[in-house]
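Please read all numbers here as calculations on a predicted model, not as lab measurements.
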Amino acid sequence: MRIGELARRTGISERALRYYEEQQLLRPERRRSGYREYAEGDVRTVRNIRTLLAAGLSTYTIAEVLPCMTDDGDALVPACPELTTVLSQDRDRLTTAIDDLLAARDILDAIIAAGGSETAQTASDPAPAAAPAG
DNA sequence: CTTCTCACA
DNA sequence: TGTGAGGA
């Protein structure tokens, strides 16, 4: 199938699909016309890519992890022994990132609290800076 | 009509 | 990533 069909069947933009190829996540064949020709299994591969992306993995990590994953229909299963190690390392990376974010939030909370009487909203308030027109 | 590459708001 | 140009 060509990129348009894969895009429709996965809900992923053609732009993203081409990007995945650039990142070595997909390697569709090429016709003489230059058009990409995707395999039927790529539909599932794209879904797996989205899952891994949602898990916070970088496209680089996904590229090296994808070939070591087996998809039993509804769940991704590690197929290589060293895979779980890589995944654990990324989990640790996420833990660190989370801790950093919590610390950053604490700092903001302290500053906000220092505002005292000021309209202190702990919740998220919409404040997107308006772009200067002109 | 569909896809391709490339550059940029 | 989105969008649009310019071409096949």
Who passes side chain to side chain contact (heavy atoms under 4.5 Å, CB included) against A:D74, sequence neighbours left out?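 A:D74 satisfies side chain to side chain contact (heavy atoms under 4.5 Å, CB included) with A:D72 once adjacent residues are dropped.
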Partners passing side chain to side chain contact (heavy atoms under 4.5 Å, CB included) against A:L94 (at least two apart in sequence or in another chain):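 A:L94 satisfies side chain to side chain contact (heavy atoms under 4.5 Å, CB included) with no residue once adjacent residues are dropped.
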Applying salt bridge (Lys or Arg N to Asp or Glu O under 4.0 Å), name anything that partners A:D90, two or more places apart in sequence or on another chain.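 Residues passing salt bridge (Lys or Arg N to Asp or Glu O under 4.0 Å) with A:D90: A:R93.
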Contact between A:M69 and A:L83 at the side-chain level, heavy atoms closer than 4.5 Å - yes or no?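 Heavy-atom side-chain distance check passes, below 4.5 Å.
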Can you pull out every side-chain hydrogen bond (donor to acceptor under 3.5 Å, both in side chains) where at least one residue sits in [range]? Sequence neighbours excluded, please.
{"range": "residues 94-108 of chain A", "answer": "none"}
{"range": "residues 78-87 of chain A", "answer": "none"}
{"range": "residues 44-56 of chain A", "answer": "A:Y20-A:R50, A:N48-A:D71"}

Please tabulate the protein-to-nucleotide N/O contacts below 3.5 Å involving nucleotides 4-8 of chain B, giving atom names and distances.
| residue | atom | partner | partner atom | Å |
| --- | --- | --- | --- | --- |
| B:dC4 | OP1 | A:R36 | N | 3.0 |
| B:dC4 | OP1 | A:R36 | NE | 2.8 |
| B:dC4 | OP2 | A:R18 | NE | 3.1 |
| B:dC4 | OP2 | A:R18 | NH2 | 2.7 |
| B:dT5 | OP1 | A:R30 | NH1 | 3.2 |
| B:dT5 | OP1 | A:R30 | NH2 | 3.2 |
| B:dT5 | OP2 | A:R36 | NH2 | 2.3 |

Apart from A:Y60 itself, residues in the same hydrophobic cluster as defined by side-chain heavy atoms under 4.5 Å: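 Other cluster members: none.
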Does A:T70 have any side-chain hydrogen bond (donor to acceptor under 3.5 Å, both in side chains) partners at least two apart in sequence or in another chain, and if so, which?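 Counting only residues at least two positions away or on another chain, A:T70 forms no side-chain hydrogen bond (donor to acceptor under 3.5 Å, both in side chains).
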To the nearest angstrom, how far is A:R2 atom CZ from B:dC1 atom P?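 From A:R2 CZ to B:dC1 P: 13 Å.
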Could you pull out every donor-acceptor pair under 3.5 Å between side chains of residues 34-41 of chain A and any protein atom, sequence neighbours left out?
| residue | atom | partner | partner atom | Å |
| --- | --- | --- | --- | --- |
| A:R36 | NH1 | A:E21 | OE1 | 2.4 |
| A:E37 | OE1 | A:R31 | NE | 3.3 |
| A:E37 | OE2 | A:M1 | N | 2.7 |
| A:E40 | OE2 | A:R9 | NH1 | 3.1 |
| A:E40 | OE2 | A:R9 | NH2 | 2.5 |

Contact boundaries of DNA chain C with chain A (under 4.0 Å, heavy atoms), 5' to 3'?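 In short, chain A contacts DNA chain C from C:dT1 to C:dA8.
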Nucleotide pairing, DNA chain C (Watson-Crick or G-U, distances under 3.5 Å), in dot-bracket with [ ] and |: .|||||.|
